[in-house]
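Chain letters run A, B, ... following the sequence lines, proteins first and then strands; every chain starts at 1.
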Amino acid sequence: ALSERLSGVLKKIRGWGSLNESNIKDGIRDIKLALLEADVNYKVVKEFVDDVTKEAMGEKVLKSIKPAQQFTKAVYDGLVRILGVGGGELSIKSGGISVLMLVGLQGSGKTTTCVKLARWVEKNYNKKTLLVAADPYRPAAMEQLDLLGSKNGFTVFKKEKMKPPDICREALEYAKEKSFGAAVLDTAGRLEIDEQMMDELTRIKDKVDPHEILLVADAATGQVAVKVAQGFNERLGITGIILSRMDSDARGGAALSMAYITGKAISFIGTGEKVDDFEKFYPDRIASRILD
Amino acid sequence: IFTGKKESTQVLSDIEEILIASDFGIDFTQQIIEQLSKRVVSSNPDEVISELKNIIKEKMVIDSEISSNHPDSSHDLSREMNQGSIVAYLMFGVNGTGKTTTCGKLAYKLKNEGKKTLIAAADTHRDAAVEQLAIWSKRANVPIISQYQGSDPGAVVYDACDSARARSVDALIVDTAGRLHNKERLMEELKKIVRILDKKLPEAKLVKLLTVDATTGQNAIAQATQFNEYAGVDGIVLTKLDSSAKGGIACTISGLLKIPILYSGTGEGIEDLADFDVDEYLDILLS
Ligand SMILES: Nc1nc2c(ncn2[C@@H]2O[C@H](COP(=O)(O)OP(=O)(O)OP(=O)(O)O)[C@@H](O)[C@H]2O)c(=O)[nH]1
Ligand SMILES: Nc1nc2c(ncn2[C@@H]2O[C@H](COP(=O)(O)OP(=O)(O)OP(=O)(O)O)[C@@H](O)[C@H]2O)c(=O)[nH]1
Ligand SMILES: [Mg+2]
Ligand SMILES: [Mg+2]
């Protein structure tokens, strides 16, 4: 573990006056390797650690703490800063229908998250929430949302033989008619490099002007997390990130990569397959998990 | 970038970056680079790349009797089926990695190779999992054995084995529910499914396939290790290779656990499944 490796470094360092290149050199290397092993993107690792190092350099070494330990604390603080101010906040307005749109790669957990998020909105914002099945492509996707949604007490808007932008527009009309306060749109999984499919998301956005566009990503995503987050963000302007399958033992470095490259906060995590397996995101918890 | 060796040529450091960016992971990358720097005498990029490919291939398992790079490759399984044996493919892996879709693709492939094929919908857990697979079985024009949601997956497998024998199929493809490798109860359930197949179809050749999503990072090593521990993995299906990810983690798994990559998933269509071709894969990776 990182702490074991660092204590080896600490044994070599005695009584340095301030943090400098030489007394944190091994610490820097170990941190970089730890972050890479945790799946943080290698470019983000380099940039992030260089930034923290610059900032920390020259700081007086605090009493009773060794330089490499102090540097680790600086990295931890830097991680927490980048990961965002802590999740749970959603742009839910008091009047009208707040539209939350879920996007992401195939299989990332959007359909399951759609129901979880709706449950959260109803509980925390007291808004009757409509689920919108906007994935007409994946076999039985609409059925999946319908089954999961209905058994949890939700109305699910489905329309056969219609394109997603029109499905969503009609869903909003239905929501207005039936006095819903919010709607969560479940879209089809897609690659950020698939121009046509990304265009479709832009068309949905133009039609219904969502208040939240949330990227749902697997906590175990590897180096490609940067490309994916950047792709969705540049095309759509995402408003937040949801990490699914955080109940795995993945370290979750993708969280840092995505938050770093988009500047957007992680708002929620999925911690299981049930509708209540949904929590607001705590940056300090994942910072420790990544650095562990 | 992270070797810190002053004597690394620019080519070596560029290669290191490509491997890390492709999710080969630090350790496997360092092993490969170390061997490469020992073996390579010229700094001619073409020679270096060619040697790199050899090193990666040597570390991976390529020549399994059911791997496509074996001269007889999937023709071995084909021959077994032609001689009247049943080949039972068991599909498992973490949630969302492409199991159900791959079952559809594999059924289509085998059916088109003239193999009498049967699908078993043993994911009785997730909403609309059976419906999803049923649509694929229709597309592949292959019959499907299923029960209601919430039934025991073992019971579906049991039924499917009886059906497979009764209909004297060549291939049985069993879809299972997604499961995280760190969930003990779910891993035990998979172990039980393997036992049922072993018991009910002892004469069949059992091919246990783990789906690995190409966008996954280092956690896939833990996935493969646990699935190998509980069920035994005969081969990897590397899915979503059409994404911007390179899926290098599958090569690392192959190298560490000595398991061949048998198939690659390259899209959401029924024909988007290919026998894994390591040369083609490495050419694209290092182009
Ligand atoms: N353990 C665990 N499983 C999850 C979580 N979120 C989703 N899943 C599972 O992951 C799998 C994929 O979830 P879906 O909701 O179908 O994913 P999706 O993004 O809608 O997939 P596509 O529509 O095909 O792109 C399912 O088996 C879910 O039950 C989570 O937080 N933890
Ligand atoms: N782009 C791409 N998408 C794929 C590929 N294979 C599967 N998918 C998509 O990935 C998503 C999940 O596929 P599934 O077959 O439902 O995955 P699964 O492992 O059965 O999921 P669970 O049963 O919920 O664990 C679907 O949207 C598929 O269309 C592939 O090779 N490329
Ligand atoms: Mg979905
Ligand atoms: Mg499935």
When the 4.5 angstrom heavy-atom criterion is applied to B:Lys183 and chain A, the contacting part is side chain
Using 30° and 60° as the class limits, which term best fits the ring planes of B:Phe227 and B:Phe92: parallel, tilted or perpendicular? parallel
Would you name the heavy atoms of A:Gly231 and A:Met198 that are closest together and state the gap between them? O-CE, 3.9 Å
The interface call for A:Asp39 against chain B, heavy-atom contacts under 4.5 Å, is side chain
If you tally heavy-atom pairs under 4.5 Å against chain B, which of A:Ala250, A:Gly107, A:Pro139, A:Ser108 wins? A:Pro139
Please verify the inter-ring angle class for B:Phe276 with B:Tyr281; under 30° counts as parallel, over 60° as perpendicular, anything in between as tilted. tilted
Between B:Thr252 (side chain only) and B:Phe24 (backbone N and O only), is there a donor and an acceptor less than 3.5 Å apart? yes
Select one option (side chain, backbone, both, neither) describing which atoms of A:Ile193 are under 4.5 Å from chain B's heavy atoms. side chain
Just by distance, with hydrogens left out, do B:Glu271 and B:Tyr108 show a side-chain donor and acceptor under 3.5 Å apart? yes
Proximal component of B:Asp23, with respect to chain A [non-hydrogen, under 4.5 Å]: both
Could you give me the CA-CA distance, side-chain angles and deciding distance for B:Glu268 and A:Tyr137, then say whether side chain to side chain donor-acceptor pair (under 3.5 Å) is met? CA-CA 10 Å; B:Glu268 302 189 73; A:Tyr137 307 111; over 6 Å; no
Is A:Asp247 in contact with chain B via its backbone, its side chain, both, or neither, using a 4.5 Å heavy-atom distance? both
Residue part contacting chain B, namely of A:Leu145, when any heavy atom lies under 4.5 Å: neither
